[in-house]
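Let me begin by presenting the structure, written as structure tokens, before commenting on it.
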Amino acid sequence: MRLSQLFFTTLRDDPADVEMASHRLLLRAGYIRPLGSGIYSLLPLGKRVNDRVEQIIHEEQDRIGGQEMEMPVVHPADIWRASGRYDAIGAELTRFKDRNGRDMVLAMTHEEVVGILLADIVKSYRQLPLMVYHFQTKWRDEPRARAGLIRVREFVMKDAYSCDRDEAGLDISYQAQYDAYVRTFERLGLKTVAVASDVGIMGGSGAHEFMVLNPAGEDVLVLCEACGYAANRQVARIEHPKAAAEAALPREEVETPGTTTIASLAAFLDIPETRTAKAAFFVTGDGRLVTAIVRGDLEVNETKLSNAVGASTGLRPATAEEIKAAGMEPGYGSPIGAHDTTVVVDELVAASPNLVAGANKVGVHYRSVNVGRDFTPDVTADITNAREGDPCPTCGKSVILRNGIEVGNIFKLGTKFTDAAGATYLGEDGKEHPIVMGSYGIGVGRNVACVVEDHHDEKGIAWPEEVAPYAAHLVAIGANKDPQVAEIAERLHAVGEAAGYWRHILYDDRNESPGVKFTDAEMLGMPWILTVSPRSLAAGGIEVTNRATGERSTRSIEDVEALIRGG
RNA sequence: CGGGGUGUAGCGAAGCCUGGUUAUCGCACGUGCUUUGGGAGCACGAGACCGUCGGUUCGAAUCCGACCACCCCGACCA
């Protein structure tokens with residue numbers, strides 16, 4: 001491809017309002033352009049990288065027996081009503097009416113459609129197991145798009161669906177996808193860690209997210225370097241320290257004016273925060289007030305809390321009025337004397353004697369509150385966030401916290417969607433059974449961005465060979481002085497064209513100064529930069545620079561032709 | 001949805017506070033000549049209803065109001 005003809009431009013200055021390296025470089029080097037918040041065009045360079053990433057995913061899905069198909073982007077709303085998700089999902093699901101007034105949705109994913117297809121096609125156990133997948137545009141009206149291709153509203157996802165006779169079959173399919181993901185991300189040049197994750201609105205019995213560690217990642221991961229324990233903080237178990245062995249003391253009121261925060265309360269009474277209990281108030285989607293009690297020094301984990309109370313549509317913070325209506329006082333709240341609320345107590349609080357807690361009066365707390373004696377929890381569960389240095393739930397060593405970007409997930413769905421669609425098969429036993437599903441997603445564009453995150457330097461992108469849009473970047477210098485330079489450059493370009501689509505090279509034939517050409521070559525990031533000039537020819541051939549390592553050598557023209565062909 | 005910020009040419013910015021000729025600069029772009037190993041030089045040129053709508057004023061990029069868009073933090077997030 002001649003750079004003089006390529007539909008692209010590089011930007012000399014950093015775009016304003018851009019934070020992440022991948023966002024900045026993909027814009028500056030002419031791979032992508034925004035059309036709206038979280039909506040991007042892929043320019044030819046971006047499209048080629050995208051296609052290479054898809055190709056790798058494709059090969060690894062095919063290797064485990066995946067069959068590629070394609071399902072629609074626009075769905076009748078009824079199929080989402082049947083699965084219950086039409087009501088369970090908020091504004092990120094875009095709903096609209098067609099010309100006849102029928103309710104439609106823009107698909108966020110395709111479990112419902114797979115369920116319907118299974119109901120239509122699969123009749124017998126002999127047709128199972130099977131695995132289907134497609135690459136399809138998803139529209140999710142995210143509350144906030146950010147970080148370029150990392151979090152967008154429209155994006156292409158590979159979503160795969162395993163269909164099995166039973167849980168044992170699902171386990172096998174799930175493991176196959178797990179292994180396929182490991183191979184896929186390795187080929188993309190991404191270092192990932194698979195973490196246990198929340199099953200959320202999807203239900204199901206287990207899930208992993210594949211995470212790339214990145215300080216700008218949106219998820220917090222709990223990792224143990226000693227034993228390899230890895231979980232999303234949303235679900236990471238906490239190993240509790242032993243409760244203090246202490247007899248329960250009589251409860252007593254204490255004046256604590258102006259102590260609406262745990263920090264001020266602990267300072268006022270001159271006690272550690274660990275000797276306090278704090279209350280946090282939430283409301284479920286169906287209007288139940290939830291009072292969560294955790295030790296003062298810990299944070300409430302909303303995912304765990306939500307799961308503990310079976311809040312299928314999540315939680316929102318309660319208002320002061322809602323808290324008071326249940327007989328509690330914001331800032332001085334506790335379940336003592338409260339009514340009409342579900343009380344969820346963290347395991348650690350339940351095991352800790354003589355804590356300071358609110359007395360539901362402004363400026364007053366109780367000393368020596370004891371769970372069970374002073375109030376009765378509706379639920380006792382682990383509802384706090386793991387912290388750096390907490391003991392690992394598996395081996396007891398200290399865990400570390402890291403941020404991560406989710407590049408893929410795998411999910412044991414079970415029969416939720418096949419039940420909704422009535423997708424059953426006749427087993428060997430002559431009876432009907434529901435088909436057991438799993439679902440497996442990889443966001444293509446986000447992976448492109450993550451590859452840039454992990455493969456760039458201050459000069460620009462440095463693509464790994466397997467995802468680079470072109471095999472090499474050829475810079476011709478002094479072609480107007482020495483006709484041999486142009487002649488050789490043309491020849492190398494032709495060698496790439498003849499060697500196959502992914503062996504094409506970028507040929508900078510523009511009438512630009514050497515500085516511009518080198519700067520652009522480094523920014524665009526092809527794995528090899530080839531320089532042809534009177535000087536290189538005098539030195540015996542072509543100067544070859546490894547973009548990632550900076551290693552430079554002069555090679556013969558024949559060697560360079562072999563390199564372009566992939567030798 | 002809450003908080004903060006920004007909208008002036010393709011990109012990056014100045015001008016706005018303190019209203020007043022033809023809106024400024026760098027890069028990019030066009031033409032010509034020179035130039036080719038690290039973001040070239042000279043000359044000429046084109047490109048902006050100053051986010052939108054409304055208001056104040058003799059006069060608005062500038063002051064006021066509403067709206068829209070984008071970015072950041074949070075909420076949210078298979």
Side-chain angles (χ1 to χ4, degrees), chain A residues 8-20 23-24 27-28 30 33-39 83 85 88-93 107-112 138 140-148 150-153 157 159 161 197-204 207-209 216-219 232 234 282 302-303 306 313-317 405-406 408-413 416-417 437-443 459-460 475-482 485-486 508-523 529 531-539 543 545 552:
Chain A
F8 91 123
T9 185
T10 54
L11 303 176
R12 267 196 195 200
D13 302 306
D14 282 339
D17 301 327
V18 166
E19 306 286 317
M20 282 183 83
H23 190 193
R24 178 170 50 85
L27 283 170
R28 275 195 67 179
R33 281 294 181 271
L35 189 61
S37 183
I39 310 174
S83 69
R85 296 163 100 192
I89 296 177
E92 60 268 32
L93 176 67
M108 298 170 65
T109 177
H110 287 77
E111 283 82 5
E112 283 83 356
K138 314 290 178 192
R140 298 180 184 181
D141 199 354
E142 298 284 350
R144 187 157 82 85
R146 52 179 290 272
I150 300 286
R151 183 158 215 88
V152 290
R153 296 193 294 168
M157 175 184 251
D159 38 327
Y161 303 90
S197 68
D198 183 43
V199 295
I201 196 172
M202 306 285 288
H208 284 85
E209 292 163 339
E218 298 175 306
D219 290 279
N232 193 309
Q234 291 178 327
F282 299 89
E302 278 193 45
T303 302
S306 181
T313 55
L315 300 168
R316 65 164 171 83
I405 300 168
E406 181 186 348
N409 63 34
I410 57 177
F411 213 102
K412 290 184 184 179
L413 278 179
K416 172 174 171 149
F417 294 95
M437 276 175 67
S439 84
Y440 313 91
I442 295 179
K459 292 175 175 173
V475 176
I477 290 169
N480 56 343
K481 274 189 184 167
D482 185 347
V485 168
D508 194 345
D509 60 334
R510 297 175 301 174
N511 182 27
E512 291 285 358
S513 69
V516 171
K517 291 184 178 183
F518 286 129
T519 306
D520 280 352
E522 284 155 349
M523 186 144 66
I529 297 171
T531 309
V532 179
S533 69
R535 189 199 284 186
S536 78
L537 294 177
E543 187 178 276
T545 305
R552 194 172 291 194

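Each chain gets a letter, A, B and so on, in the order its sequence line appears, and its residues count up from 1.
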Q: Indicate the atoms forming the closest heavy-atom contact of A:K517 with A:A476, along with that distance.
A: NZ-O, 2.9 Å

**Q.** Same-atom distance (P) from B:C42 to B:U35, integer angstrom
**A.** 15 Å

Q.
When you compare the side chains of A:E543 and A:S536, does any donor N or O come within less than 3.5 Å of an acceptor on the partner?
A. no

Q | Watson-Crick or G-U wobble partner of B:U21, both distances under 3.5 Å | A | none

Q. What is the pairing partner of B:C70, taking Watson-Crick or G-U wobble pairs with both distances under 3.5 Å in any strand?
A. B:G5

Q | Residue matched to B:G54 through Watson-Crick or wobble contacts both under 3.5 angstrom | A | B:C64

Q: Please state the C1' separation for the pair B:C44 and B:C50 - nearest whole angstrom.
A: 27 Å

Find every protein N or O atom lying less than 3.5 Å from an N or O atom of nucleotides 72-76 of chain B, and list the pairs.
unit_1 : atom_1 : unit_2 : atom_2 : d
B:C73  : OP2    : A:R144 : NH1    : 3.1
B:C73  : OP2    : A:R144 : NH2    : 2.8
B:C76  : OP1    : A:E302 : OE1    : 3.0

Q. Which residues satisfy the side-chain hydrogen bond (donor to acceptor under 3.5 Å, both in side chains) test with A:E92, sequence neighbours excluded?
A. none

**Q.** Span that lies between the P atom of B:G3 and that of B:U8, in whole angstrom
**A.** 24 Å

Q. Quick one: A:R510 CZ to B:A28 C1', roughly how many Å, whole number?
A. 12 Å

Q.
Given 3.5 Å as the limit, does a donor-acceptor pair link the side chain of A:R33 with the main chain of A:L27, or not?
A. yes

(Q) Under a 3.5 Å cut-off for both contacts, is B:A40 paired Watson-Crick or G-U wobble with anything, and if yes, with which nucleotide? (A) B:U34

Q | Whole-Å distance separating the NZ atom of A:K517 from the P atom of B:U36 | A | 12 Å

Q | Residue list, side-chain hydrogen bond (donor to acceptor under 3.5 Å, both in side chains) with A:E209, at least two apart or on another chain | A | A:N232

Q. Quick one: on RNA chain B, does A:D219 or A:A479 contact a more 5' nucleotide (nearest heavy atom)?
A. A:A479

Q: Using a 4.0 Å heavy-atom cut-off across all strands, classify A:M20 as base, sugar-phosphate, or nothing.
A: nothing

Q. Under 4.0 Å between a side-chain N/O of A:S37 and OP1 or OP2 of B:A69, yes or no?
A. no

Q: Could you measure between the two C1' atoms, the one in B:U22 and the one in B:C27, and give it in whole Å?
A: 24 Å

Q: Rounded to whole angstrom, note down the P distance from B:C68 over to B:C53.
A: 15 Å

**Q.** Counterpart residues, side-chain contact (heavy atoms from CB on, under 4.5 Å), relative to A:T303 (two or more places apart)
**A.** A:D198, A:Q234, A:N301, A:N307

Q | Whole-Å P distance, B:C17 and B:G74 | A | 35 Å

Q: Starting at CZ of A:F417, measure out to OG1 of A:T109 and round the result to the nearest 0.5 Å.
A: 7.5 Å

Q: With rounding to the nearest 0.5 Å, note down the distance linking CZ in A:F411 to OH in A:Y440.
A: 11.0 Å

Q) If we take the P atom in both B:A9 and B:U62, what is their distance in whole Å? A) 15 Å

**Q.** Euclidean distance, A:E406 CD relative to A:R151 CZ, rounded to 0.5 Å
**A.** 8.5 Å

Q: Apply side-chain hydrogen bond (donor to acceptor under 3.5 Å, both in side chains) to A:D520 and list each qualifying residue two or more places apart in sequence or on a separate chain.
A: A:T10, A:R510

Q) When you check every protein heavy atom under 4.0 Å of nucleotides 37-43 of chain B, what one-letter string (B, S, -) results, 5' to 3'? A) BBBS---

Q: Determine the Euclidean distance between corresponding C1' atoms of B:G7 and B:A48; express it in Å to zero decimal places.
A: 14 Å

Q. Counting only Watson-Crick or G-U wobble pairs whose two distances fall under 3.5 Å, which nucleotide matches B:G45?
A. B:C29

